[in-house]
Amino acid sequence: MSKREKLKSADVGNILLSRGTGICMLIILFMLGLRAPLFFDLNNIMTVLKQGSVLTMIALGLTTVLIGGGFDMGAGALVQFTCNLAAGMLIAGTSVAAVLTSGIAVGLLIGILNAFLVIVIKIPTFVSTLGTMFILQGMTSWYNDGKALTINAIDGFSVLGQGRIAIVPVIFLIVIAVCVILNFLFKHTSIGLRMYATGENAAAAKLRGINTSKYLLLSYVLSGVILGFTGVLQCSYNYGATAVISGMDFLIQALSAAYLGSTFSKTGELSVIGTVISGMFIAAMSNALIINGISNQQISGVLGLILILSILLTVIKKREIGQVTIF
């Protein structure tokens, strides 16, 4: 092979490495859409943006703690608990402002608890957050007594999950706003850059004088706040809360979105923008599969495959730069 041919081959490889994920996403959605033209209908596209917003918010919360070097098995369970809490408070006549504050406060407290278990008690992050997950699931079942909590449309609350500005869902605009804020934090502030440094290589970050415990704590707290708020959004979106324990389903989808989003980077770096794109892709793909007659059980298998492939791609990219730790 001549030198010019090698350079062309390298250029193609770089393009596929940096843009291959996006190209594959478009091809998959296009192929699914060809079999179900309804998928490309504008109203259906807006529905996909609405349906994918809660998942994407959970993925953003998970991405935040992953960037700081942590992990959270209980992300989905926290969202479901605050969703039930919000529904119960609204049924009891609590104000919308108090419900929002309570959801965020609970998320904040759980974030602090997770950080305490990991940083102070030094329980491995997977084990400690797994314990938190079971606690939250138990609290959810106790709180709703195994029953769905249904609410009616409430002024100032229903608009969060059901409202639209023109044709665009309000909940999707909230996702974009959170994404912009997080992207600015992680890419353009010293706090965000130090959280990245802590997550990428804690030992190296310590040698550079970074207080890694502080930034790991911050990542858990910020993640908890996002997830607590997401539970309130889900309550608005669902007109209440279901009694079915679905935290693990949320976790798998959110992990898939977070790690799939990292494949947009040549180095496998976690990215809030990549997470949003991937979260919406997963929602769009699920929607297209359902239109094509695929059951929810089969979709779960597809999501598991996406999670494995996205982590595999991340490992390959990190191996190229000498770093292969994921959790």
Side-chain angles (χ1 to χ4, degrees), residues 54-55 57-92 94 98-149 151 199 213 216-238 240-258 300 307 326-327:
V54 170
L55 160 63
M57 282 289 290
I58 298 173
L60 284 173
L62 195 55
T63 299
T64 298
V65 74
L66 288 169
I67 284 174
F71 186 69
D72 188 2
M73 282 290 295
L78 173 55
V79 170
Q80 187 170 23
F81 176 69
T82 53
C83 177
N84 276 267
L85 179 65
M89 292 178 70
L90 289 167
I91 291 171
T94 308
V99 169
L100 283 167
T101 302
S102 297
I104 292 172
V106 169
L108 174 67
L109 291 174
I110 295 299
I112 292 174
L113 172 62
N114 282 332
F116 174 78
L117 294 174
V118 172
I119 298 170
V120 180
I121 308 300
K122 298 190 182 303
I123 301 174
T125 181
F126 181 87
V127 176
S128 61
T129 57
L130 181 64
T132 305
M133 180 188 78
F134 286 128
I135 291 172
L136 288 168
Q137 287 180 347
M139 290 174 63
T140 300
S141 297
W142 167 78
Y143 185 80
N144 63 27
D145 198 25
K147 301 175 183 177
L149 302 177
I151 62 173
S213 295
L216 180 57
L217 166 65
L218 182 59
S219 71
Y220 272 111
V221 169
L222 184 56
S223 173
V225 168
I226 295 170
L227 294 171
F229 175 57
T230 301
V232 179
L233 289 180
Q234 187 191 17
C235 178
S236 177
Y237 174 78
N238 288 341
T242 177
V244 178
I245 299 298
S246 55
M248 186 57 69
D249 292 335
F250 284 147
L251 177 66
I252 292 172
Q253 293 180 61
L255 275 174
S256 299
S300 296
L307 176 58
I326 297 295
F327 301 146

When rounded to the nearest 0.5 angstrom, what is the spacing between CG in Leu108 and OG1 in Thr101?
-> 12.0 Å
Phe250 and Leu55: CA distance, side-chain angles, deciding distance, side chain to side chain contact (heavy atoms under 4.5 Å, CB included) verdict = CA-CA 7 Å; Phe250 284 147; Leu55 160 63; over 6 Å; no
Could you list the residues that satisfy side chain to side chain contact (heavy atoms under 4.5 Å, CB included) with Cys235, not counting sequence neighbours?
-> Cys83, Ala86, Ala87, Leu90, Ile151, Phe157
Side chain to side chain contact (heavy atoms under 4.5 Å, CB included) partners for Leu109, two or more places apart | none
Taking atom CG of Leu216 and atom CD1 of Ile119, what is their separation to the nearest 0.5 Å?
-> 4.0 Å
Do Met133 and Met248 come close enough that some side-chain heavy atom pair is under 4.5 Å?
-> yes
Qualifying residues under side-chain hydrogen bond (donor to acceptor under 3.5 Å, both in side chains), relative to Asn114, sequence neighbours excluded = Thr132
Kindly assign one of parallel, tilted or perpendicular to the pair Tyr143 and Phe81, based on the angle between their ring planes and the thresholds 30° and 60°.
-> perpendicular
Listed partners of Asn238 passing side-chain hydrogen bond (donor to acceptor under 3.5 Å, both in side chains), at least two apart = none
Compile the donor-acceptor pairs under 3.5 Å between side chains in residues 225-232 and protein atoms, sequence neighbours left out, one pair per line.
unit_1	atom_1	unit_2	atom_2	d
Thr230	OG1	Ile226	O	2.7

May I ask you to test the Leu251-Leu62 pair for a side-chain heavy-atom distance under 4.5 Å?
-> yes
Listed once per pair and sorted, the side chain to side chain donor-acceptor pair (under 3.5 Å) pairs that draw on residues 220-229, sequence neighbours left out | Thr125-Tyr220
Please identify each residue that fulfils side chain to side chain contact (heavy atoms under 4.5 Å, CB included) with Ala98, with sequence neighbours left out.
-> Thr94, Ser95
Contacts of type side chain to side chain contact (heavy atoms under 4.5 Å, CB included), residue Phe134, not counting sequence neighbours | Leu130, Gln137
If you take all heavy atoms of Leu78 and Gly107, which pair is closest and at what distance?
-> CD2-CA, 4.1 Å
Thr63: side-chain hydrogen bond (donor to acceptor under 3.5 Å, both in side chains) partners, not counting sequence neighbours | Thr275
Heavy-atom side-chain proximity of Gln80 to Thr242 below 4.5 angstrom | yes
